[in-house]
Number of protein chains: 2
Amino acid sequence: MNKKIADLNRYLADKGLKITRQREAVAQVFFDTDGHISAEELYIKVSRSYPGVGLTTVYRTLKLLKEAGLAKERRFAEDSQGVFEKEDTARHHDHLICTRCGKIIEFKEPLIEKLQEEVAQKHGFSVEDHKMELYGLCSSCRTA
Amino acid sequence: MNKKIADLNRYLADKGLKITRQREAVAQVFFDTDGHISAEELYIKVSRSYPGVGLTTVYRTLKLLKEAGLAKERRFAEDSQGVFEKEDTARHHDHLICTRCGKIIEFKEPLIEKLQEEVAQKHGFSVEDHKMELYGLCSSCRTA
DNA sequence: CAATAATTGAAATTGATTATCATGTTCTCT
DNA sequence: AGAGAACATGATAATCAATTTCAATTATTG
Ligand SMILES: [Mn+2]
Ligand SMILES: [Mn+2]
Ligand SMILES: [Zn+2]
Ligand SMILES: [Zn+2]
């Protein structure tokens, strides 16, 4: 569990940045959170265990976590707020989103990823990242 | 070409909305535009042929065009402004985006779309729409 | 033409995110 | 441990696309 904090600290040291109480607080709460969380929500959550940490610092720490490859920002349609989740290259996934109830299912489809590579190659591109979201109705919402 | 204007007018009539000079101006210029255009850019373009049309009305008309199924809004990563393009269910496509020079290539891959359907079904979802964007380097930017 | 409801555009507002800046903290070197 | 340099913090202000407000104008219906 503290491996990720160690990863962050290594990243900070490499960049000549500093390890602070606030950064560790934000990172710890973030790493203990599953699923998708907005900066604002994370700020609330952090404030419970570590009052006094500012929202600005939460934004800044999330940006650092992204740069360090430890967090990924998602921006689902119609949501004006971005959400963050733990990043782990081994656990890459895409999303299925119910447009009625907001339910989100994560999935991985290696065959699609392979075809994406092929399409890109066909146009002379090398893929660095991709975004795929499927929007529709979940089974509960369809029958309701 | 005026078929699309007719489509819009039909949509407006059905909804009890009104056909106005401004809406026709915005729609006409939009339909004459290929590729992706922001509300702001469209506003500039409209202003040349039909001065006096407000930016607010451009935003409002684009929203109507989306509702009528005649326009689609895209929100590519790193762009803070949304862009719009003509919608045509027969000509659905996804995007390849160069993260260095911004070049955008449109493509269609039926096999991927089929797999998307299958993944959704496997989770009990019915797909209404999807978003797929591949980010990477185009051939020019890779060799440079 | 008159009545009604919708539309318009300027200006104000919103809401998420980022920039500023004075003050506080961390790290490095002695 | 102490000093100094660089970085971090957080309250506040700024940004910026997009939406809301509202009084004045216009389209539609009969
Ligand atoms: Mn996820
Ligand atoms: Mn396109
Ligand atoms: Zn649902
Ligand atoms: Zn390029």
Side-chain angles (χ1 to χ4, degrees), chain A residues 5 8-30 36-44 46-47 49-68 71-84, chain B residues 5-6 8-30 36-47 49-68 71-84:
Chain A
I5 294 288
L8 173 60
N9 289 346
R10 193 171 315 118
Y11 175 83
L12 294 174
D14 280 1
K15 294 279 178 183
L17 305 177
K18 293 170 180 168
I19 296 170
T20 68
R21 253 187 302 299
Q22 292 92 331
R23 281 174 180 167
E24 248 185 71
V26 173
Q28 191 58 256
V29 174
F30 175 70
H36 309 114
I37 190 169
S38 69
E40 197 86 36
E41 289 165 341
L42 183 57
Y43 167 67
I44 304 287
V46 169
S47 297
S49 344
Y50 309 87
V53 174
L55 176 57
T56 311
T57 295
V58 172
Y59 271 105
R60 286 192 280 228
T61 304
L62 283 168
K63 181 185 278 189
L64 284 173
L65 289 170
K66 282 198 295 181
E67 289 165 15
K72 189 153 178 67
E73 184 169 8
R74 307 279 186 180
R75 204 164 278 276
F76 300 127
E78 93 257 353
D79 276 350
S80 54
Q81 242 178 352
V83 293
F84 300 80
Chain B
I5 293 288
L8 173 60
N9 289 346
R10 195 172 314 119
Y11 175 83
L12 293 173
D14 280 0
K15 294 279 179 182
L17 304 177
K18 293 171 179 168
I19 296 169
T20 67
R21 253 189 303 299
Q22 292 93 329
R23 281 176 179 165
E24 248 185 72
V26 173
Q28 191 57 255
V29 174
F30 175 70
H36 310 115
I37 189 169
S38 70
E40 197 85 35
E41 289 164 343
L42 183 56
Y43 166 66
I44 304 288
K45 215 172 164 192
V46 168
S47 297
S49 345
Y50 309 88
V53 174
L55 176 57
T56 310
T57 295
V58 173
Y59 272 106
R60 287 191 280 228
T61 303
L62 283 168
K63 179 184 276 190
L64 284 173
L65 289 170
K66 282 198 295 181
E67 289 165 15
K72 189 153 180 66
E73 184 170 6
R74 307 279 187 181
R75 204 164 279 277
F76 299 127
E78 93 258 352
D79 275 350
S80 54
Q81 245 178 353
V83 293
F84 301 80

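Keep in mind it's a predicted model, so treat the numbers as computed, not measured. Throughout, a chain's letter reflects where its sequence line sits, starting with A, and its residues are numbered from 1. Scope of the values below: all heavy atoms of this structure, side chains included, with no hydrogens, waters or symmetry mates.
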**Asked** If only atom types and distance count, is the side chain of R21(B) paired as donor or acceptor with the main-chain N or O of Y50(B) below 3.5 Å?
**Response** no
**Asked** Expressed in angstrom and rounded to an integer, what is the separation of Y43(B) atom OH from dA10(C) atom C1'?
**Response** 10 Å
**Asked** Quick one: Q81(A) CD to dG15(C) C1', roughly how many Å, whole number?
**Response** 9 Å
**Complete:** Here the gap from L12(A) atom CG to R10(A) atom CZ, rounded to the nearest 0.5 Å, amounts to 11.0 Å
**Request:** Look at all strands and tell whether S80(A) reaches a base, only sugar-phosphate, or nothing, counting heavy atoms closer than 4.0 Å.
**Result:** sugar-phosphate
**Request:** To the nearest 0.5 angstrom, please state how far the CZ atom of F84(B) sits from the CD atom of E41(B).
**Result:** 11.0 Å
**Fill in**
Contacted region of DNA chain D by chain B, from 5' end to 3' end of the hits, cut-off under 4.0 Å to heavy atoms, spans dA17(D) to dT28(D)
**Item:** Any side-chain heavy-atom pair of T61(A) and Q22(A) under 4.5 Å
**Value:** no
**Message:** Quick check on DNA chain C: between L55(B) and T56(A), whose nearest nucleotide comes earlier from the 5' end?
**Reply:** L55(B)
**Asked** Of R75(B) and I19(B), whose closest DNA chain D nucleotide lies nearer the 5' terminus?
**Response** R75(B)
**Asked** Do V26(A) and R23(A) touch side chain to side chain, with heavy atoms closer than 4.5 Å?
**Response** no
**Asked** At under 4.0 Å between heavy atoms, what does R60(A) touch on the DNA or RNA strands: base, sugar-phosphate, or nothing?
**Response** base
**Request:** In sequence, state the C-alpha distance, the side-chain angles, and the governing distance for E40(A) and Q81(A), and then conclude on side-chain contact (heavy atoms from CB on, under 4.5 Å).
**Result:** CA-CA 9 Å; E40(A) 197 86 36; Q81(A) 242 178 352; 3.4 Å; yes
**Phosphate contact (dT26(C) OP1 or OP2) by T20(A) side-chain N/O below 4.0 Å** = no
**Item:** Nearest-nucleotide comparison on DNA chain D, the residue closer to the 5′ end among L17(B) and F84(B)
**Value:** F84(B)
**Message:** Could you tell me how far apart L42(A) (CG) and dA16(C) (C1') are, to the nearest whole angstrom?
**Reply:** 15 Å
**Asked** At what angle, to 10 degrees, do the two end axes of the helix from dC1(C)-dG30(D) to dT30(C)-dA1(D) meet, given five pairs define each axis?
**Response** 30°
**Request:** Can you tell me the distance, in whole Å, between the CD atom of E40(A) and the P atom of dG15(C)?
**Result:** 11 Å
**Fill in**
Considering only heavy side-chain atoms of K18(A), the closest of dA16(C), dT26(C), dA6(C) is dT26(C)
**Asked** Just how far is it from atom CG of L17(A) to atom OH of Y11(A), taken to the nearest 0.5 Å?
**Response** 7.0 Å
**Asked** Shortest non-hydrogen contact from F30(B) to L65(B)?
**Response** CD2-CD1, 3.8 Å
**Asked** Hey, what do you get for CD1 (I37(B)) to CG (L42(B)), rounding to the nearest 0.5 Å?
**Response** 4.5 Å
**Message:** In whole Å, I'd like the distance from the CD atom of Q22(B) to the P atom of dT8(C).
**Reply:** 5 Å
